[in-house]
Visitor: 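Let me give you the structure first, and then I'll get to my questions.
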Amino acid sequence: MSENNDMLSVKNLKVVFPNQMGVVRAVEGIDLHVKEGECVALVGESGCGKSVTSLSIMKLIGTPPALTRVDELVLDGVEMKDLTDREMQHIRGSKISMIFQDAMTALNPVMTVGKQIDEVFIKHFHMKKEEAKKHSIEALARVGVPSPEQRYHDFPHQLSGGMRQRVLIAMAFACEPKFIIADEPTTALDVTIQAQVLEVLAQMQKNNNTSLLLITHDLSIVANMADRIYVMYCGKIVEESPAYPLFKDPKHPYTEGLLGAIPKLSDKNHEFIQIPDNVPHPMHKPEGCYFHPRCRYATEECKCQMPPLVDIGDGRKVRCFHPLSKGEKS
Amino acid sequence: MKKSYIIKRILYTVLLFFVVLTLNFFIPRIGIDDPAERYYPPQGNMSDIEYDIVKQATRKQYGFDVSTWKQYLRYVDGLFHGDLGNSFKSGSPKVIDLIAERLPWTLVLSITTLFIGAISGVLIGAFAAWKRGRWPDLVLMNASTITTALPSFFIALILVLILGFEAEWFPAYTDPNMVADFDWSPEAIGTVFYNAALPIFSMAIGSIVGYAQTTRNSMIAVSGEDFIVTARAKGLSSDTVLYKHTLRNAILPIVTNFGMSVSGLVGGAVVIEQIFNWNGMGTLFLEANNTNDYPLMMGIMLFLSTFALVANLVTDLCYCLLDPRVTVDGGRR
């Protein structure tokens with residue numbers, strides 16, 4: 001699995017949050033790998049551990065409260081799992097960077113956006129202020145911010161949501177890192193702006209040949225961008241597949257449910273499949289397969305045993321005793 | 001946008017000043033009777049005609065010989081010439097001179113307390129936020145519960161008992177000759193601070209804990225914000241994140257606190273000054289109140305409220321510099 005052209009390789013990542021009541025197992029041993037220039041999506045409902053995973057890759061998760069363990073965390077050939085925070089500071093922002101969900105809160109409200117981009121250049125390229133300013137304005141121009149010289153002096157609250165998100169993208173791409181994590185980059189935006197921002201993100205990724213890990217709960221935005229998709233449920237990967245086959249022929253009942261929840265205008269007979277109930281409480285996950293209480297194909301076997309992640313060929317893996325085949329899908 | 005905000009704030013403050021001025025003139029007059037009858041009651045052997053002459057003279061002396069509106073105009077006119085009227089004290093000293101005489105002694109206490117409180121409070125609070133959940137933090141949180149429950153005069157009495165009478169480190173009450181003997185010599189300044197130690201301590205304890213708690217809570221709130229994670233994701237060092245991102249945002253509530261303390265600077269602490277027999281503004285106000293010396297009361301009130309207005313204006317303008325989101329409508333986009 002781990003070939004030489006992997007930009008990022010994560011093996012057996014575990015993150016737990018101990019508290020007085022017990023232990024919350026946010027991430028239960030997941031494997032991820034992203035190739036150079038590839039866009040990989042990590043999809044799942046709120047609370048399934050997506051954001052914790054992304055913060056753990058950046059080593060930004062607070063320990064305490066969290067406890068993390070990982071067998072392998074390799075970025076561009078560098079093993080990061082034993083690096084100190086000081087050593088990580090040279091990697092963050094220059095080799096790996098992150099785009100956050102809500103640009104309003106992710107930007108410092110009392111600093112101009114320009115100054116906030118400058119910081120990246122000053123830190124990693126040791127630029128003088130004037131030089132950093134020049135580069136920041138260029139960075140803003142690249143993500144399609146109109147009249148970037150003026151916007152450079154604006155505070156975050158003076159920009160629209162879409163512009164703020166572009167600023168975050170400009171900041172993440174500032175040092176042309178090889179790997180970028182985008183954590184729900186468009187969730188806080190309305191649909192038309194979403195499309196524009198995704199377009200900018202896809203363009204930037206293509207131009208720089210950056211590897212992108214796109215984290216989202218929304219399968220529809222993934223369809224046009226991702227090369228491969230990981231589906232995550234309750235802290236475990238339940239399905240891994242190249243993008244197109246996953247949409248055409250989902251193997252895990254949970255993926256089927258997620259896809260069934262997207263309304264399609266073209267298909268009049270489209271059955272609107274709904275996943276019943278809610279995500280189980282992270283401290284009281286069910287026995288056996290975590291999905292079985294909500295799964296319409298569940299059997300006795302599913303109730304007592306956690307199915308393994310099985311390779312089913314064509315680069316696809318599924319964690320299910322009864323993976324769907326095309327005929328079975330109604 | 002910024003400029004119009006500043007101009008609006010200043011105009012608003014000026015308007016408020018006139019409202020305060022007017023209220024300050026009329027409210028005492030509701031309760032005031034004829035100064036002549038109050039201060040010069042008819043003597044036994046005085047005829048009505050003679051007493052009338054006395055009354056007229058007294059009214060004229062205190063400015064009651066014209067209608068209330070005329071008195072008001074005269075009062076406003078006097079203000080713009082720096083005249084706050086004359087006190088009823090013997091010798092009719094000017095109110096402004098009385099204030100000028102007492103103010104420095106109050107400022108010695110209040111400014112020292114403010115700076116001790118703000119500086120050590122912010123440092124302690126930042127330390128507690130850094131050691132969040134561990135013993136320095138727990139000590140601070142419990143101390144703040146206790147000092148909030150204890151009024152400063154109670155702390156003062158305990159300090160007097162322990163440090164004043166038992167240990168005899170500091171004088172339990174102010175040396176009566178301190179003011180008269182003051183001559184700017186180093187020894188005289190030393191004496192002042194030696195005498196001021198206990199009043200300052202008793203007020204500073206609450207102030208330190210107040211600032212420490214504000215700082216701690218604000219730091220913790222800000223360090224949980226998303227933009228702190230962004231700053232760290234950029235690869236900034238923890239020092240840069242702390243000074244350029246966390247502190248800059250966490251300082252806003254502290255500035256508000258500071259501004260509020262500044263507006264209380266000149267009022268003096270009535271109770272603390274009484275306990276230590278300290279001749280400051282608080283004592284002056286109490287004297288004015290006890291002797292019904294309303295020109296003096298009005299003068300002090302006007303001085304205090306004007307100072308508070310200006311302090312608030314300055315705080316607002318500082319806030320405007322520190323937080324770009326502040327505008328007149330207070331709206332965020």
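All values below come from the heavy atoms of this structure, side chains included, with hydrogens, waters and symmetry mates left out. Throughout, protein chains are lettered first and strands after them, A, B, ... in sequence-line order, and every chain is numbered starting at 1.
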Visitor: Look up atom CG in Asp323(B) and atom NE2 in His157(A), then write down how far apart they are to the nearest 0.5 Å.
Guide: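 Asp323(B) atom CG to His157(A) atom NE2 measures 8.0 Å (nearest 0.5 Å).
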Visitor: Could you check whether atom CE of Met301(B) has more than 12 heavy atoms from other residues, nucleotides or ligands sitting under 6.0 Å from it?
Guide: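 For Met301(B), atom CE is not crowded (no more than 12 foreign heavy atoms under 6.0 Å).
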Visitor: For chain B, which residues from residues 94-103 of chain A have at least one heavy atom closer than 4.5 Å to it?
Guide: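 Under the 4.5 Å heavy-atom cut-off, Ile96(A), Met98(A), Phe100(A) qualify.
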Visitor: Just checking, is any N or O donor in the side chain of Gln116(A) or His245(B) under 3.5 Å from an acceptor N or O on the other one?
Guide: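 No, because no side-chain N or O of Gln116(A) sits under 3.5 Å from a partner of the opposite role on His245(B).
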Visitor: Would you mind telling me which of Pro109(A), Gly161(A), Gly93(A), Pro156(A) has the largest number of heavy-atom pairs within less than 4.5 Å of chain B?
Guide: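 That would be Pro109(A).
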Visitor: How would you list, in number order, the residues of residues 165-186 of chain A that have a heavy atom less than 4.5 Å from chain B?
Guide: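 So the qualifying residues are Leu168(A), Met171(A).
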Visitor: How about Tyr12(B): does its OH atom have over 12 heavy atoms from other parts shown lying under 6.0 Å from it?
Guide: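 Check fails, neighbour count at 12 or below.
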Visitor: In terms of heavy-atom proximity below 4.5 Å to chain A, should Ile228(B) be classed as side chain, backbone, both, or neither?
Guide: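 Neither part, no heavy atoms under 4.5 Å.
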Visitor: Is it the case that atom NZ in Lys115(A) sees more than 12 heavy atoms from other parts of the structure closer than 6.0 Å?
Guide: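 Count not over threshold, so no.
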Visitor: Identify which part of Leu60(A) has an atom lying under 4.5 Å from any heavy atom of chain B, answering side chain, backbone, both or neither.
Guide: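 The answer is both parts of Leu60(A).
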Visitor: Return yes if some donor-acceptor pair links the side-chain N/O of Thr230(B) with the main-chain N/O of Ala106(A) below 3.5 Å, else return no.
Guide: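 A pair under 3.5 Å: yes.
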Visitor: Measuring from Asn108(A):CG to Arg248(B):CZ, what's the distance to the nearest 0.5 Å?
Guide: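 Reported to 0.5 Å precision, the distance equals 8.0 Å.
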Visitor: Holding to side-chain hydrogen bond (donor to acceptor under 3.5 Å, both in side chains), I want the full list of residues that pass it with Glu87(A), two or more places apart in sequence or in another chain.
Guide: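 If we apply the side-chain hydrogen bond (donor to acceptor under 3.5 Å, both in side chains) test to Glu87(A), skipping adjacent residues, the hits are Thr84(A).
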Visitor: Got a second to check how far Gln89(A)'s CD is from Arg232(B)'s CZ, nearest 0.5 Å?
Guide: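 Nearest 0.5 Å value for the CD-CZ distance: 8.5 Å.
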Visitor: Using only non-hydrogen atoms and a strict under-4.5 angstrom cutoff, which residues of residues 120-146 of chain A touch chain B?
Guide: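 If one takes a 4.5 Å heavy-atom cut-off, the residues of residues 120-146 of chain A near chain B are Val120(A), Lys123(A), His124(A).
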